[in-house]
Amino acid sequence: MSLENTQKNRLAIGGRIDRSRALSFTFNGKRYSGFLGDTLASALLANGVDVVGRSFKYSRPRGIMTAGAEEPNAIVQLGHGAATIPNLRATQVALYDGLEARSVNGWPNVNFDLTRIFSLFGRLMPPGFYYKTFMGPKKLWMFYEHFIRKGAGLGRAPTVRDPDIYDRINQHCDVLVVGAGPAGLAAALAAARTGARVIIADEQEEFGGSLLASDVNIDGKAAAHWLAVTLAELAKFETVTMLPRSTVFGYYDHNFLTIAERCSDHIALTNDKAARQRIHRVRAREVVLACGAIERPLVFAACDVPGVMLAGAVSTYINRYAVTPGKGLILFTNNDRAYETALHWHASGRQVVAVVDSRHNPQGDLVQKAAAKGVKVLTGHAVIEVLGGKRVKGAMVAPLSADGSKLTGQAKALQCDTIASSGGWNPVVHLSSHTGAKPIWDEEIIGFRPGKSTQAERSVGAAAGTYDTASCLAEGDASGVQAAINCGHSAVATSYNVTGETAAGPAQALFLLPHGKPTSRAPYQFVDYQLDVTAAGIELAAREGYTSVEHVKRYTAMGFGTDQGKLGNINGMAILARKLNQTIAETGTTIFRPSYTPTTFGTIAGRDVGELFDSARFTAVQHWHEQAGAKFEDVGQWKRPWYFPKTGEDMDDAVGRECLAVRNHVGILDASTLGKIDIQGPDAAEFLNRVYTNAYLKLAPGKCRYGVMLGEDGMIFDDGVTACLGENHYLMFTTTGGAAGVLNWLEIWHQTEWPELKVYFTSVTDHWTTATVTGPNARKVIAKVCSDIDLDGDAFKFMDWRDGTVSGVKARVFRISFTGELSYEVNVPAHYGRHVWEKLIEAGAEFGITPYGTETMHVLRAEKGFIIVGQDTDGSVTPYDMNMAWVVSSKKSFSFLGKRSLDRSDCTRTMRKQLVGLKTMDPLDVLPEGAQIVNERNAPIPAAMQGHVTSSYYSACLERSIALAVVKGGLDRLGEQVFCPLADGRVIAAEIVSSVFYDPSGARQNV
Amino acid sequence: MSNILVETPLHHMADAFMTLSGGGINIHEADMVSHLNLRGCASDSSFMKAAQKTLGFALPVVPNSFSGHDESAAYWLGPDEWLITTNDIAVEDALRVALKGHFAVTNITGGQTIISLRGGASLEILQKSSIYDFHPSKFKVGNCVQTTFAKAGALVVKKADGSFNLIIRRSFADYIGRWLLDAAREYS
């Protein structure tokens, strides 16, 4: 089979495609062929595919209009299943063998008309639809949304996990150059030659920009040759990173830019080792924006019929891809440069029907050149309407007044199948705009220039409205030199000698063409192709009183599509300006935001997915826990054993068993996650005295004390035990989640308020493995593995600690208890953690030692009424509220943090919420945590809330449910009945009781 | 003591790291050494002299630099804070004996480990993991820096042979190990 046979628009010679590498692909289920070097768009055009999608609102057939990022119509979904990618522009999809693409819109298929339904849809959505719907009842939006989403055809997200790898890399450079056309390359080269670190990124498949299809000579070399030589030189610098297929899509504060690199999109969809796309997060000292310009189409009736294309795009397809996308061309222009398209078309051997030039007397060299080739030029004329449905069949051409505002004669039909349209060029001001620089209208270039720089950036070349190659090179070189100098490098300017360039004559400012009928009655004159915004819609907005461009944008949805109005916005603003009888400068433009082109979520997420989504912290005993079948709970970033179910046990069974084992025998808990801060220095005790509510000055070596820390507002911030390790040496335990915050807190106070105190804080959380052995048999277990500590209850008391040796390892053993039972917390350096843990398990076997997790820990401490900061407290409770007046010392010579706030009237008033216990009337009812508490069973709604349940469990030991709650004035209400209305309609009655349910005298831990 | 099991934080990943070797990257957990956190006043010459005498080299005072050698090194962590890594367990007590006045020596051996990163892809792997600029023109032999590493932290060290060490906390080691395996896969 000859591939050329299916590619009716492919030229026999020319272009940058590799004709020896034929590729096969499918589009909307049909098989086609193309060549290596094609984009999906160029291959479709080569194959004569006219309709590539249907429009959003009116379902009009649409064809490929552009050759770049601004493409509004050829939006495709690539691949299928997990690796499918929605919303790609066919103009930016490199062709590869086996590529599968579908139109994202156009159900059931793009060539099938559902005219009746769609015209109905169009009527459902007049301009201002979104605006009015959002302003209207919410219900209405819910109704419309269903149809809009279905009709909108914005592609389909994959429903299963994306198998591709995405990567993220951080870059730093002196100079980041965006765009690798003549200006960008000259800038990069100038900077690179100074030794500066340079990154140059370009969104296209290959570097070169306009040089890829240019007739000029630079320094005596053909453009393509100069390009090759320049790229080779750049590649030699170790300090230069060249990123083709890389879109700089966002420009943020402090010269931080993001680049999406398409690493393997041009090869195939999935690779199991390397990334499909990679985000470069670049911190650049200087930025050169050489991102080019986007051609602006002219607006006329039915200018969306497939076959109407941007003039520059037609040239690109002919020169770079050897595709002439039609047989007979009408070029419609208001400027000289577009004449090149007629010349290129002519040179490809196909017919130029006519050049229709809105200007009455164009004199430029290109105009002469076209005339010399025998091309028919109709000056002072306009294309006012396109004939045809799924492909251009002709154009209605009429004489135009000199100012372009009226028709001055009858329109006549000219036959053609392609209309190249050029209304001038819009500099790509998007990235500059991301920085907050407001684009400025420039009458001379008839376009918006980048606004005043707010960061270390400058725009050059077409991005700054400079369109001839010589000036682009000169501006690029100067910017590269300046950027490098700003980075401290010394640079010299290079001058380029450009020949073969044709000077362009003046263009005409022309946007919307008149029609025989008024705009509101003329056939649709499309401005924003992606969202079907018409000139009539914009004028309607103005008539309805919208004068701000930002309001008109929202009213009409102009620029709301995935193309962000790259093609249509300026035309829209010009139409609005004319309707409002003001200048475009007065009308202004909307501001662009990242992303420049849509960026996939996968790329943004990078490697932070699945098990690497967040950092997970493990103790040294983790592998033992896993082997023991533990279920894990997230506590901050820590993975802590939650409970250890035995075969057949559910969570309640396991927790009940674990609780009873601790109360009756002995249990073991991995408490390594508790924060631990080593505190040393002659003022350590004084410092502790200031940050804790209770006194520390007299804490002797070998002793431990429980303390509570308050914020400056007097509210509980953290709690834990601090041990005196020796003279001027303390070890502070914090909550697991609070460790980093507490260390920060101590450092802030030390560094900013009390630098005179001689004290050092060092985190030792990770250094120690802590095994809590607790229960009536705990002493017997420890005695088996530790011979050098006198474990006698009188020698080693509750709230003491001792140095010793446990299973051959130097250890610190603390007699502190969170269960209310006899407890030993064995601390050893973590590299011995697993060893000591296993020895404790071995030693405890004969006593029924039972590993338990955080859930059992929670139940046991709740039985004792011990609070958990962050569960029973919420940043709004004082120690008094927690019934912990005993922990607040009033005798300290120096104030402590938060003390003053405790005297605020709000802290001393009655009826503050106070910690109490709740016992449900039915002992089997377990209140949900968070349940609200009211005074009456049938309290009218809204009921006066009395408080809420903070902790609630079934206590296997007490054989009933227990709960902790904060209740208004609760400590004076012991014995009262309160009610918890639940979401399911039940109301549970409970009695207010003491928060200590078990062993109120504390006898069990003091043995 | 020979029957005492000693587990480094990444003992379970040694085999996984081995699977990478031979490509552009070689990752392994270094042999265990003592890690000591040292606090003291850099402007106190008696403190600095005593530390130098004990260690055999001066404590670094230039931010983000380290001194010493393979067996024993001191890393600048802050104006009054250093990390000492040493394979001589006697250093801890020797420092306590030699130093006078207000200082702190804290043993954090159990809480840390060192990952060695060598090979041509090391720089790119660091770039994937950290926002710090590790380019050889900025981060030179003798430099070290405490920085974010993926969603954890690390002290990154540029060694004399051009390879890097990551000194990390035990609790984050498994996460960082898995992160490195993932980031290095394309170079293996």
Side-chain angles (χ1 to χ4, degrees), chain A residues 165 167-173 197 239 271-275 278 281 283 606-608 611-620 622-623 637-638 672-673 678-683 728-729 758-769 807-809 828-836 838, chain B residues 1-9 11-12 32 35 37-41 80-81 101-113 124-138 149-153 168-176 178-179 182-183 185-188:
Chain A
I165 296 170
D167 197 16
R168 182 168 57 216
I169 194 157
N170 299 295
Q171 305 273 16
H172 300 258
C173 65
R197 287 163 70 186
T239 46
N271 181 322
D272 64 351
K273 249 175 117 172
R278 168 177 289 157
R281 304 166 81 249
R283 189 71 71 174
R607 318 187 85 85
D608 294 324
E611 61 169 13
L612 296 176
F613 175 69
D614 196 6
S615 52
R617 301 177 71 181
F618 298 103
T619 75
Q622 174 67 16
H623 299 113
Q637 289 164 320
W638 289 97
S672 310
T673 61
D678 189 276
I679 303 174
Q680 299 182 46
D683 294 321
N728 302 332
H729 194 183
K758 289 183 170 172
V759 60
Y760 289 124
F761 310 97
T762 306
S763 170
V764 289
T765 303
D766 286 20
H767 176 62
W768 298 102
T769 291
S807 303
V809 176
V828 293
H831 42 281
Y832 300 121
R834 171 101 183 246
H835 165 79
V836 169
E838 287 182 347
Chain B
M1 298 282 276
S2 60
N3 59 343
I4 293 178
L5 172 73
V6 174
E7 278 185 349
T8 58
H11 68 277
H12 60 296
M32 203 173 132
H35 294 245
N37 184 282
L38 175 64
R39 304 293 298 270
C41 181
D80 62 355
E81 184 172 13
H102 178 39
F103 71 91
V105 175
T106 309
N107 190 325
I108 51 171
T109 304
Q112 306 213 114
T113 193
E124 268 195 33
I125 288 173
L126 289 176
Q127 282 181 269
K128 289 181 182 195
S129 312
S130 173
I131 56 170
Y132 193 78
D133 187 0
F134 293 104
H135 190 268
S137 64
K138 303 278 178 189
F149 194 91
K151 289 185 182 173
I168 59 168
R169 287 175 69 161
R170 169 182 283 268
S171 58
F172 289 101
D174 179 85
Y175 163 74
I176 289 174
R178 283 183 286 115
W179 173 273
D182 188 61
R185 188 157 56 152
E186 69 176 288
Y187 310 108
S188 63

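Values reported hereafter were calculated over all heavy atoms of this structure, with side chains retained and with hydrogens, waters and symmetry mates removed. In the text below, chain A, chain B and the rest are named by the order of the sequence lines, each starting its count at 1.
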Item checked: side-chain hydrogen bond (donor to acceptor under 3.5 Å, both in side chains) partners of Asn107(B), counting only residues at least two apart -> Glu92(B), Thr109(B)
Margin query: Suppose we screen for side-chain hydrogen bond (donor to acceptor under 3.5 Å, both in side chains). Which residues come up paired with Tyr187(B), at least two apart in sequence or across chains?
Written below: Glu124(B)
Side chain, backbone, both or neither: which part of [X] has a heavy atom under 4.5 Å from chain A?
{"X": "Thr113(B)", "result": "neither"}
{"X": "Asn37(B)", "result": "side chain"}
{"X": "Ala173(B)", "result": "neither"}
{"X": "His12(B)", "result": "side chain"}
{"X": "Ala104(B)", "result": "both"}

Notebook entry, point to check: Can you tell me how far the CG atom of Asp80(B) sits from the OH atom of Tyr760(A), to the nearest 0.5 Å?
Noted result: 5.0 Å
Next item on the list: Could you grab the distance from atom CZ of Arg170(B) to atom OG1 of Thr619(A), nearest 0.5 Å is fine?
Entry: 9.0 Å
Chain B heavy atoms under 4.5 Å from [X]: which part of the residue, side chain, backbone, both or neither?
{"X": "His623(A)", "value": "side chain"}
{"X": "Trp638(A)", "value": "side chain"}
{"X": "Ser763(A)", "value": "both"}
{"X": "Val759(A)", "value": "backbone"}

Note to self: Taking the ring of His172(A) and the ring of Phe134(B), is the distance between their centroids below 6.0 Å?
What the structure shows: no
Please identify, among [options], the residue contributing the most non-hydrogen atom pairs under 4.5 Å to chain B.
{"options": "Glu838(A), Arg278(A), His729(A)", "value": "Arg278(A)"}
{"options": "Arg197(A), Gln622(A), Arg281(A)", "value": "Arg197(A)"}
{"options": "Lys758(A), Arg283(A), Arg607(A), Gln637(A)", "value": "Arg607(A)"}

Are any non-hydrogen side-chain atoms of [X] and [Y] less than 4.5 angstrom apart?
{"X": "Asp766(A)", "Y": "Gln112(B)", "value": "no"}
{"X": "His831(A)", "Y": "Glu7(B)", "value": "no"}
{"X": "Arg39(B)", "Y": "Thr762(A)", "value": "yes"}
{"X": "Thr106(B)", "Y": "His767(A)", "value": "no"}
{"X": "His835(A)", "Y": "Asn3(B)", "value": "no"}
{"X": "Asp614(A)", "Y": "Tyr175(B)", "value": "no"}
{"X": "Phe618(A)", "Y": "Ser171(B)", "value": "no"}
{"X": "His102(B)", "Y": "Gln680(A)", "value": "no"}

Next item on the list: Provide the closest heavy-atom pair for Asp608(A) versus Trp179(B) in the form atom of the first, atom of the second, distance.
Entry: OD1-CZ3, 3.2 Å
Check: So which heavy atom on Gly110(B) is nearest to which on Ala830(A), and how close?
Finding: O-CB, 3.4 Å
Item checked: Lys151(B) atom NZ: more than 12 heavy-atom contacts under 6.0 Å -> yes
Item checked: Pairing of Glu186(B) and Lys273(A) as salt bridge, 4.0 angstrom limit -> no
Next item on the list: For the pair Lys128(B) (side chain) and Asp167(A) (backbone), establish whether a donor and an acceptor sit closer than 3.5 Å, ignoring hydrogens and angles.
Entry: no
